[in-house]
2 protein chains.
Amino acid sequence: MPEFFHDRKLYYTPIEFALSHIGGTWKMPILWRLQESVQRFNELKKDIPHITDKMLTSQLRELEAKGMINRKVYAVVPPKVEYSLTDKGMQAIPVIETIMKFGYELIKEEGIEFPSKQHKNDDIPS
Amino acid sequence: MPEFFHDRKLYYTPIEFALSHIGGTWKMPILWRLQESVQRFNELKKDIPHITDKMLTSQLRELEAKGMINRKVYAVVPPKVEYSLTDKGMQAIPVIETIMKFGYELIKEEGIEFPSKQHKNDDIPS
DNA sequence: TCCTATACTTACCTTTTTGTAAGTATGAAA
DNA sequence: TTTCATACTTACAAAAAGGTAAGTATAGGA
């Protein structure tokens with residue numbers, strides 16, 4: 001596999017380069033949320049459990065820097081900022097879907113059970 | 001997205017779970033090498049530029065622990081150990097391929113050039 | 001005057017991942 | 001007796017990633 005420099009960093013493989021765009025704990029969950037529609041900071045925050053303000057901001061900034069998302073600021077108070085996928089970001093969606101499906105397969109094969117939130121009566125399984 | 005515990009670790013998403021199997025700098029390059037045939041430690045080492053003994057060992061161990069590869073030891077001196085993909089490991093191959101292709105697309109779109117090793121005359125492009 | 005909402009920023013710290021350099025065991029061959 | 005090959009292990013260090021807790025600006029409303 002080839003290696004190359006980009007933005008002062010050495011990448012060993014195209015895989016590494018791809019993961020610099022969508023890797024880490026939060027980038028894929030964020031991009032995944034944006035595929036449906038434009039989202040505001042707080043909407044993403046509510047949608048993505050456990051993410052902190054700091055991580056959400058930093059990951060949004062990195063995604064923007066890599067051209068995966070757009071950031072649109074409205075000059076209002078309180079602030080309003082909308083995030084949306086760029087074409088490049090949209091290219092990532094099927095990749096993320098593949099990884100997600102693989103994750104679900106693995107979970108299934110491990111026999112891992114996680115609480116389904118399909119119904120309200122979580123504590124009274126049928 | 002659901003969250004769940006497995007092996008004393010909390011996973012927030014299936015994506016995170018998938019990446020625990022194939023994520024990091026070295027796991028995908030290793031699995032990719034094994035798709036063609038069984039490989040020995042030193043063969044992998046020669047094939048994967050920049051990987052150190054330590055990282056190769058630790059990643060092979062983790063892949064084994066997750067059931068992605070088999071480790072076969074021959075009782076000879078000097079040692080001989082062969083690594084091969086399990087069925088689970090094979091399931092990862094198309095996923096890795098998708099990520100790799102995405103990486104190549106991104107590289108192309110960025111206009112990044114890397115030295116092709118197709119021909120010997122690297123310094124005399126036709 | 002104080003509180004609220006929104007989208008952040010900042011300082012500090014912990015954990016995880018990766019890297020560096022050196023050493024180990026063994027039997028066969030020189 | 002020394003060297004060689006193979007597949008590691010170990011101690012230590014550096015870098016990257018992630019987390020905690022607190023603070024900021026602003027205008028409108030109570």
Side-chain angles (χ1 to χ4, degrees), chain A residues 3 7-13 15-17 19-30 33-34 38-66 69-84, chain B residues 3 7-13 15-17 19-30 33-34 38-66 69-84:
Chain A
E3 71 185 55
D7 272 353
R8 294 151 171 255
K9 197 189 169 310
L10 175 63
Y11 296 92
Y12 296 149
T13 62
I15 291 170
E16 220 192 329
F17 193 62
L19 288 185
S20 75
H21 288 76
I22 61 172
T25 308
W26 304 113
K27 288 198 186 76
M28 292 195 241
I30 291 170
R33 289 309 182 301
L34 295 179
V38 167
Q39 300 272 127
R40 293 182 63 180
F41 186 90
N42 271 357
E43 292 174 326
L44 288 169
K45 201 174 137 185
K46 278 170 197 152
D47 250 32
I48 304 175
H50 305 289
I51 198 167
T52 60
D53 286 20
K54 187 201 142 184
M55 287 314 291
L56 183 49
T57 309
S58 74
Q59 299 309 296
L60 287 169
R61 290 286 179 288
E62 287 180 23
L63 287 168
E64 196 194 356
K66 305 225 183 234
I69 63 174
N70 294 126
R71 181 168 179 268
K72 185 170 179 186
V73 183
Y74 294 84
V76 296
V77 168
K80 177 178 175 181
V81 181
E82 285 179 347
Y83 294 94
S84 58
Chain B
E3 72 185 54
D7 273 353
R8 294 150 171 256
K9 197 189 169 312
L10 175 63
Y11 295 92
Y12 296 147
T13 62
I15 291 171
E16 219 192 329
F17 193 63
L19 288 185
S20 75
H21 289 74
I22 61 171
T25 309
W26 303 112
K27 288 200 186 72
M28 291 196 241
I30 291 169
R33 288 311 182 300
L34 294 179
V38 168
Q39 299 271 126
R40 294 181 63 180
F41 186 91
N42 271 356
E43 292 174 326
L44 289 168
K45 202 175 136 184
K46 278 170 197 154
D47 251 31
I48 304 174
H50 306 289
I51 198 168
T52 61
D53 284 21
K54 189 202 142 186
M55 287 314 291
L56 183 50
T57 308
S58 74
Q59 299 309 295
L60 287 169
R61 289 288 179 288
E62 286 180 24
L63 287 168
E64 195 194 356
K66 306 230 181 227
I69 63 174
N70 294 124
R71 180 167 179 269
K72 186 170 178 186
V73 183
Y74 294 85
V76 296
V77 168
K80 177 179 176 181
V81 181
E82 285 179 347
Y83 295 93
S84 57

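The chains referred to below are lettered A, B, ... by the order of the sequence lines, with proteins before strands, and numbering in each begins at 1. If you're wondering where the values come from, they're calculated on a predicted model, not measured in any experiment.
- Atom C1' of nucleotide D/dA16 and atom CH2 of A/W26 are separated by 17 Å, given to the nearest angstrom.
- Scanning residues 73-81 of chain B for heavy-atom distances under 4.0 Å to DNA chain D yields B/P78, B/P79, B/K80, B/V81.
- Computed from C1' positions of five pairs at each end, the angle between the two local axes of the helix from C/dT1-D/dA30 to C/dA30-D/dT1 equals 30°, rounded to 10 degrees.
- Distance A/E16 CD to D/dA17 C1': 15 Å, rounded to the nearest Å.
- Aromatic ring pairs are classed by plane angle as parallel below 30°, tilted from 30° to 60° and perpendicular above 60°; the pair B/F17 and B/Y11 is perpendicular.
- Among the heavy atoms of the strands lying under 4.0 Å from A/D53 is at least one base atom, whether or not backbone atoms are also near.
- Between B/Q39 atom CD and D/dT6 atom C1' the separation is 16 Å, expressed in whole Å.
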- prompt: Would B/H21 and B/K27 count as a side-chain contact (heavy atoms from CB on, under 4.5 Å) if you check the C-alpha gap in whole Å, the side-chain angles of each, and the deciding distance to 0.1 Å?
  reply: CA-CA 8 Å; B/H21 289 74; B/K27 288 200 186 72; over 6 Å; no
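- For the pair B/M55 CE and D/dT10 P, the computed distance is 16 Å after rounding to whole Å.
- The side-chain heavy atoms of A/L19 and B/M28, taken from C-beta on, include a pair separated by under 4.5 Å.
- Atom CD of A/E64 and atom CG of A/N70 lie 8.0 Å apart (nearest 0.5 Å).
- A/T25 comes within contact range of the sugar-phosphate backbone alone, with a heavy-atom separation under 4.0 Å but no base atom that close.
- Rounded to the nearest 0.5 angstrom, B/R71 CZ and B/F41 CZ are separated by 10.0 Å.
- Here OH of A/Y83 is found 12.0 Å from CD of A/E43. Values are rounded to the nearest 0.5 Å.
- From B/T57, atom OG1 reaches atom CD of B/E62 across 11.5 Å, with rounding to the nearest 0.5 Å.
- Between the CG atom of A/L56 and the P atom of D/dT20 there is a distance of 15 Å, rounded to whole Å.
- Rounded to a whole Å, the CG atom of B/L10 is 14 Å from the C1' atom of D/dG19.
- When DNA chain C is scanned in the 5' to 3' direction for atoms under 4.0 Å from non-hydrogen atoms of chain A, the outermost contacting nucleotides are C/dA5 to C/dA11.
- Listed nucleotides D/dG19, D/dA7, D/dT10 differ in distance to B/K54; the shortest reach to its side chain belongs to D/dT10.
- Rounded to the nearest 0.5 angstrom, A/T25 OG1 and A/I51 CD1 are separated by 9.0 Å.
- One can place NZ of A/K45 at 14 Å from P of D/dG19, the figure rounded to the nearest angstrom.
- Using a 4.5 Å heavy-atom threshold, the side chains of A/E16 and A/S20 count as separate.
- Put simply, the side chain of B/R33 gets close to the backbone of B/D47: a donor and an acceptor are under 3.5 Å apart.
- Rounded to an integer number of Å, the gap from NE2 of A/H50 to P of D/dT20 is 11 Å.
- If you take CD on A/Q39 and CG on A/L60, they are separated by 11.0 Å, rounding to the nearest 0.5 Å.
- Two residues, B/T57 and A/K9, neighbour DNA chain D, and the one matched to the more 5' nucleotide by heavy-atom proximity is B/T57.
- For the pair B/P29 and A/T13, the tightest heavy-atom approach, listed with the atom from each and the gap, is CG-CG2, 4.4 Å.
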